[in-house]
Amino acid sequence: IVDGVTKGLRESVKRLDKREALLCVLAESTDEKNIVKLVEALCREHGINLIKIDDAKKLGEWTGLCKIDKEGQARKVVRCSCAVIHCLGAESQAHDIINDHYKHAVTADA
């Protein structure tokens, strides 16, 4: 657990179940479809925002599960099926973007 981000299915599910998560990112490319169903159900049950992405390697890169070479390119990327943000840190433009995304999503559903 580093910088408010929990990586990996086991630790992420613990955070989701304890309602400590602010945001969950789920890779849909996982081999086991029950994982997707479990994470979706926990997020829905506890009212936690969920973002789905297509590739587990991309999520692994985003969460730092890789080596960065001299040119700044990610190498040896490890797949990550799920990551949970439980501490957002200092206010920033990124907070505003995420909040705006969910505000628009809620108004579109209504």
Taking only distance into account, with no hydrogens and no angle test, what donor-acceptor pairs under 3.5 Å do side-chain atoms of residues 16-23 form with protein atoms, sequence neighbours excluded?
from	atom 1	to	atom 2	distance (Å)
Arg19	NE	His46	ND1	2.9
Arg19	NH2	His46	ND1	3.2
Glu20	OE1	Arg15	NH1	3.0

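For the residue pair Asp54 and Lys58, the shortest heavy atom distance occurs at OD1-NZ, 3.1 Å. In this structure, Ser12 and Ala83 approach most closely via the heavy-atom pair OG-CA, 3.7 Å. Ala56 and Ala27 make their closest contact through CA-CB, 3.5 Å (heavy atoms, listed as atom of the first residue, atom of the second, distance). Nearest heavy-atom pair across Lys52 and Leu50 is CE-CD2, 3.9 Å.
Between Asp55 atom CG and Ile53 atom CD1 the span is 7.0 Å, to the nearest 0.5 Å. One finds the CG atom of Leu38 at 9.5 Å from the CG atom of Leu26 (value rounded to the nearest 0.5 Å).
More than 12 non-hydrogen atoms from other residues, nucleotides or ligands lie less than 6.0 angstrom from NZ of Lys33.
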Cys24 vs Val39, side chain to side chain contact (heavy atoms under 4.5 Å, CB included): CA-CA, chis, key distance, verdict: CA-CA 9 Å; Cys24 180; Val39 172; 3.6 Å; yes

Stepwise side chain to side chain contact (heavy atoms under 4.5 Å, CB included) check, Arg79 with Ser29: CA-CA 10 Å; Arg79 295 170 48 103; Ser29 66; 4.3 Å; yes

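Under a hydrophobic clustering in which Ile, Leu, Val, Met, Phe, Trp and Tyr are joined whenever their side-chain heavy atoms come within less than 4.5 Å, directly or via other members, Val77 and Leu9 fall into different clusters.
Salt-bridge formation is not detected for the pair Glu40/Lys37: no Lys NZ or Arg NE/NH1/NH2 atom is positioned less than 4.0 Å from an Asp or Glu carboxylate oxygen.
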